[in-house]
2 protein chains.
Amino acid sequence: MTYSIGTVAEKSGISIYTLRYYDKMGLTPFVKRNEASGRREFTDSDLNFLSVITCLKGTGMPLNEIRNFVQCCMDGDNTLNQRLALFENQKEVVINQIGESLRNLQKIDHKIEYYKKAVKAGTEKAVTGKNNLPENHVPLNELIDELL
Amino acid sequence: MTYSIGTVAEKSGISIYTLRYYDKMGLTPFVKRNEASGRREFTDSDLNFLSVITCLKGTGMPLNEIRNFVQCCMDGDNTLNQRLALFENQKEVVINQIGESLRNLQKIDHKIEYYKKAVKAGTEKAVTGKNNLPENHVPLNELIDELL
DNA sequence: ATATTTGATAGAGCTAACTCTAGGTCAATA
DNA sequence: TATTGACCTAGAGTTAGCTCTATCAAATAT
């Protein structure tokens with residue numbers, strides 16, 4: 001069972017243009033072509049690989065790093081340690097991103113409180129509170145371990 | 001008390017180039033200039049404003065939207081509702097980002113487990129587990145409320 | 001008083017990640 | 001069989017967000 005690029009675009013939400021672009025950039029060298037027509041034929045395994053690529057991209061990893069990772073995968077078992085290290089490192093990255101998101105969320109919450117008061121009073125001048133409260137120090141690592 | 005652009009760059013971690021670029025893009029119209037020399041003179045209030053801008057940028061808001069927000073701030077009290085709505089909306093955005101980050105984290109954790117086994121076995125072929133486990137449905141909103 | 005540093009502007013250059021166009025091939029349908 | 005539609009490549013164009021250069025003015029250090 002294989003899928004055309006259009007079908008994959010529908011299933012994945014990635015545009016046909018982008019799928020071809022990724023292929024050109026070396027992100028999907030595993031996708032085979034039809035011998036006669038040269039058309040791409042995606043397998044289910046290819047779709048799984050694509051979802052890993054999407055995950056890494058979602059963490060902000062640039063395409064050339066993702067390409068390196070894919071190359072490692074193609075290079076076989078002697079890159080296993082390297083790939084493990086990559087994911088362990090990326091875990092740190094994501095945890096830091098969540099930390100930043102939580103800090104942003106906190107700041108946004110303060111702003112929401114601030115503007116609620118201001119809207120109620122009809123003017124900003126009536127609002128007294130400072131916007132920069134002291135940061136709380138969430139033990140992020142533990143919390144995230146708990147969430148998963 | 002005012003700060004030069006170089007001092008602000010140091011304090012904020014934003015490069016001088018970028019600070020000038022933001023100013024050119026209309027993100028910091030509130031920063032006054034020295035009458036005689038034309039140099040920018042940042043106040044403490046300006047730094048606070050800048051930290052809000054940094055927060056919004058950190059949530060992925062594009063610069064032109066941030067500029068609109070800043071313009072609302074300059075336009076005074078009749079934009080209060082609009083500004084409240086903006087932050088309420090941005091809160092949703094950040095919560096969704098955290099959700100995506102947690103899903104990515106989960107996938108990465110599975111990969112880490114996978115590669116640990118593979119490294120131990122010396123080959124990928126020995127690893128049996130599927131990589132795409134069913135998603136857990138964390139009640140994200142409540143959890144985040146709890147964290148803050 | 002002079003030299004160095006810091007700041008200013010205008011505008012060019014750069015990178016990443018698409019996004020689209022042109023011109024062609026191949027496959028599926030009326 | 002003819003036509004429509006999906007796919008192909010090469011390469012140009014686009015956007016966001018910086019980043020840097022050239023050139024000049026002002027401030028600070030020696």
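Every chain is numbered from 1, with letters handed out A, B, ... down the list of sequences. The figures here come from the full heavy-atom set of this structure, side chains too, leaving out hydrogens, waters and symmetry mates.
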Sequence neighbours left out, cut at 3.5 Å: what donor-acceptor pairs do the side chains of residues 27-36 of chain B make with other protein atoms?
{"residue": "Thr28(B)", "atom": "OG1", "partner": "Asp23(B)", "partner atom": "OD1", "Å": "2.8"}
{"residue": "Arg33(B)", "atom": "NH1", "partner": "Gly38(B)", "partner atom": "O", "Å": "2.9"}
{"residue": "Asn34(B)", "atom": "OD1", "partner": "Ala36(B)", "partner atom": "N", "Å": "2.9"}
{"residue": "Asn34(B)", "atom": "OD1", "partner": "Ser37(B)", "partner atom": "N", "Å": "2.9"}
{"residue": "Asn34(B)", "atom": "OD1", "partner": "Ser37(B)", "partner atom": "OG", "Å": "3.4"}
{"residue": "Asn34(B)", "atom": "ND2", "partner": "Glu41(B)", "partner atom": "OE2", "Å": "3.1"}

If we ignore angles and hydrogens, is there a donor and acceptor under 3.5 Å between the side chains of Asp46(A) and Tyr3(A)? no
Can a side-chain donor-acceptor contact be found between Glu92(A) and Asn96(A) if the only test is distance below 3.5 angstrom? no
If you look at every strand shown and take non-hydrogen atoms under 4.0 Å, does Arg40(A) touch a base, only sugar-phosphate, or nothing? sugar-phosphate
Between CG of Asp44(A) and CG of Asn48(A), what distance do you get to the nearest 0.5 Å? 7.0 Å
Where do Arg83(A) and Glu88(A) land on the salt bridge (Lys or Arg N to Asp or Glu O under 4.0 Å) test, with the steps shown first? CA-CA 9 Å; Arg83(A) 285 183 269 163; Glu88(A) 280 173 338; over 6 Å; no
Parallel under 30°, tilted from 30 to 60°, perpendicular over 60°: which one fits the rings of Tyr115(A) and Phe87(B)? parallel
Any donor-acceptor pair under 3.5 Å linking the side chain of Thr18(B) with the backbone of Ile14(B)? no
Kindly say whether Gln106(A) contributes a backbone atom to a donor-acceptor pair with the side chain of Asp109(A) at under 3.5 angstrom? no
Angle between terminal axes - the helix from dA1(C)-dT30(D) to dA30(C)-dT1(D), 5 pairs each end, rounded to 10°: 10°
Take nucleotides 19-30 of chain D nucleotide by nucleotide from the 5' end and write B, S or -, depending on whether a protein heavy atom sits under 4.0 Å from the base, only from the sugar-phosphate, or from neither. BBB---BBS---
Look at the side chain of Ile5(B) and decide which nucleotide, out of dC7(D), dA8(C), dT9(D), has an atom nearest to it. dA8(C)
